[in-house]
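Each remark here refers to the structure printed beneath this line.
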Amino acid sequence: MSQFQVHTQETAPAAADTLAQVEKGYGFLPNLIGVMAEAPALAEAYVAVAGAFGKSSLSATEQQTVLLAASTVNGCTYCVAAHTTVGQMTKVPADVLESLRAGEALADPKLEALRRLTVAVVESRGWPSQELVQGFFDAGYGRQQLLEVVLGVGLKTLSNYTNHLADTPLDAAFAANAWQRSEAAA
């Protein structure tokens with residue numbers, strides 16, 4: 001769509017505290033948060049929701065599974081690259097990351113149930129089939145994790161849609177994991 005300014009603490013004083021918090025945590029200010037700073041409430045909400053999702057009962061690998069699955073379905077080039085990088089940093093197995101980026105089934109049956117449910121939640125706008133939900137439960141997840149998938153999808157809705165509207169430039173830190181949606185997935 002249209003390029004938005006990537007703000008800093010100096011150019012978005014109303015969001016300076018949020019930007020400083022993120023920069024301290026990452027060691028740099030990701031362009032996504034700089035763009036979100038145009039609407040300080042959005043930047044603050046995104047950081048809060050990300051913090052809450054990070055405290056969920058899902059493991060780091062499960063969290064990245066949700067975030068990458070939602071981002072690939074939504075075709076978010078920025079978030080797929082960013083979460084691939086975060087996944088590498090948090091020791092998500094390379095085959096899991098590769099399959100998620102390709103939108104392919106995961107070898108681990110439990111993670112695959114999580115991926116399938118996440119995709120269904122995104123594609124159905126929160127109305128996955130009872131069969132998929134039951135498969136998720138049969139894989140060992142419960143109602144808490146079902147709602148935590150909603151939390152992760154909500155987090156990615158904030159960032160994926162922001163990136164689509166703003167055409168957020170990819171940070172150098174994520175460039176090695178640049179991603180484009182395949183024609184088959186489109």
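Numbers for residues simply follow the sequence, beginning at 1. From a predicted model like this one, the values you see are computed outputs, not experimental measurements.
- Put simply, the side chain of Phe4 does not reach to within 4.5 Å of the side chain of Asp167, judged on heavy atoms.
- The side-chain heavy atoms of Tyr78 and Pro30, taken from C-beta on, include a pair separated by under 4.5 Å.
- More than 12 heavy atoms of other residues, nucleotides or ligands lie within 6.0 Å of CD in Gln5, so this atom counts as buried by the packing criterion.
- Side-chain atoms of Val22 and Val47, non-hydrogen and from C-beta on, do get closer than 4.5 Å to each other.
- Thr118 places none of its side-chain heavy atoms less than 4.5 Å from the side chain of Val73.
- Sorted by first and then second residue, the side-chain hydrogen bond (donor to acceptor under 3.5 Å, both in side chains) pairs involving residues 94-110 (not counting sequence neighbours) are Thr84-Arg101.
- Linking ILVMFWY residues whenever their side-chain heavy atoms come closer than 4.5 Å, directly or via other members, leaves Val86 and Leu97 in distinct clusters.
- Residue Leu111 holds its CG atom at 4.5 Å from OG1 of Thr65, rounded to the nearest 0.5 Å.
- Of the possible polar contacts, one joining the Thr85 side chain to the Ala81 backbone as a donor-acceptor pair under 3.5 Å is found.
- Side-chain atoms of Lys156 and Cys79, non-hydrogen and from C-beta on, do get closer than 4.5 Å to each other.
- Applying the side chain to side chain donor-acceptor pair (under 3.5 Å) rule to Gln88 yields the partners Asn177; only residues at least two apart in sequence or on another chain are considered.
- The closest side-chain heavy-atom distance from Thr8 to Leu19 is not below 4.5 Å.
- Here Gln9 pairs with Glu23 under the side chain to side chain donor-acceptor pair (under 3.5 Å) rule; sequence neighbours left out.
- Residues that satisfy the side chain to side chain donor-acceptor pair (under 3.5 Å) test with Asn160, not counting sequence neighbours, are Ser71, Asn74.
- The environment of Glu112 atom CD is dense: over 12 non-hydrogen atoms of other residues, nucleotides or ligands sit within 6.0 angstrom.
- Atoms CG and CG, from Asn163 and Leu32 in turn, are 5.0 Å apart once rounded to the nearest 0.5 Å.
- The side-chain heavy atoms of Thr72 and Leu100, taken from C-beta on, include no pair separated by under 4.5 Å.
- For residues 87-119, there are no ring pair (Phe, Tyr, Trp, His ring centres under 6.0 Å) pairs, not counting sequence neighbours.
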Distance-only check: which donor-acceptor pairs under 3.5 Å involve side-chain atoms of residues 33-43, not counting sequence neighbours?
| residue | atom | partner | partner atom | Å |
| --- | --- | --- | --- | --- |
| Glu38 | OE1 | His7 | NE2 | 2.6 |

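- The number of heavy-atom neighbours closer than 6.0 Å to CG of Asp17, taken from other residues, nucleotides and ligands shown, is 12 or below.
- Identified under the ring pair (Phe, Tyr, Trp, His ring centres under 6.0 Å) test for residues 87-116, with sequence neighbours left out: none.
- Between the CD atom in Gln144 and the CG atom in Leu151 there is a gap of 11.0 Å [rounded to 0.5 Å].
- Pairs of residues two or more places apart, or lying in two chains, that qualify as ring pair (Phe, Tyr, Trp, His ring centres under 6.0 Å) and include a residue from residues 109-147 are Phe136-Tyr141.
- Going from atom CG of Asn31 over to atom OG1 of Thr162 covers 13.0 Å, rounded to the nearest 0.5 Å.
- Scored by the side chain to side chain donor-acceptor pair (under 3.5 Å) test, Glu131 finds no partners at all (sequence neighbours excluded).
- Between Leu68 and Val80, the closest side-chain pair of non-hydrogen atoms falls below 4.5 Å.
- Glu148 is linked by a salt bridge (Lys or Arg N to Asp or Glu O under 4.0 Å) to nothing, counting only residues two or more places apart in sequence or in another chain.
- The side-chain contact (heavy atoms from CB on, under 4.5 Å) check on Thr157 picks up Val153, Tyr161, with sequence neighbours excluded.
- Within the structure, ring pair (Phe, Tyr, Trp, His ring centres under 6.0 Å) pairs that include any residue of residues 23-51 comprise Phe28-Phe174 (at least two apart or interchain).
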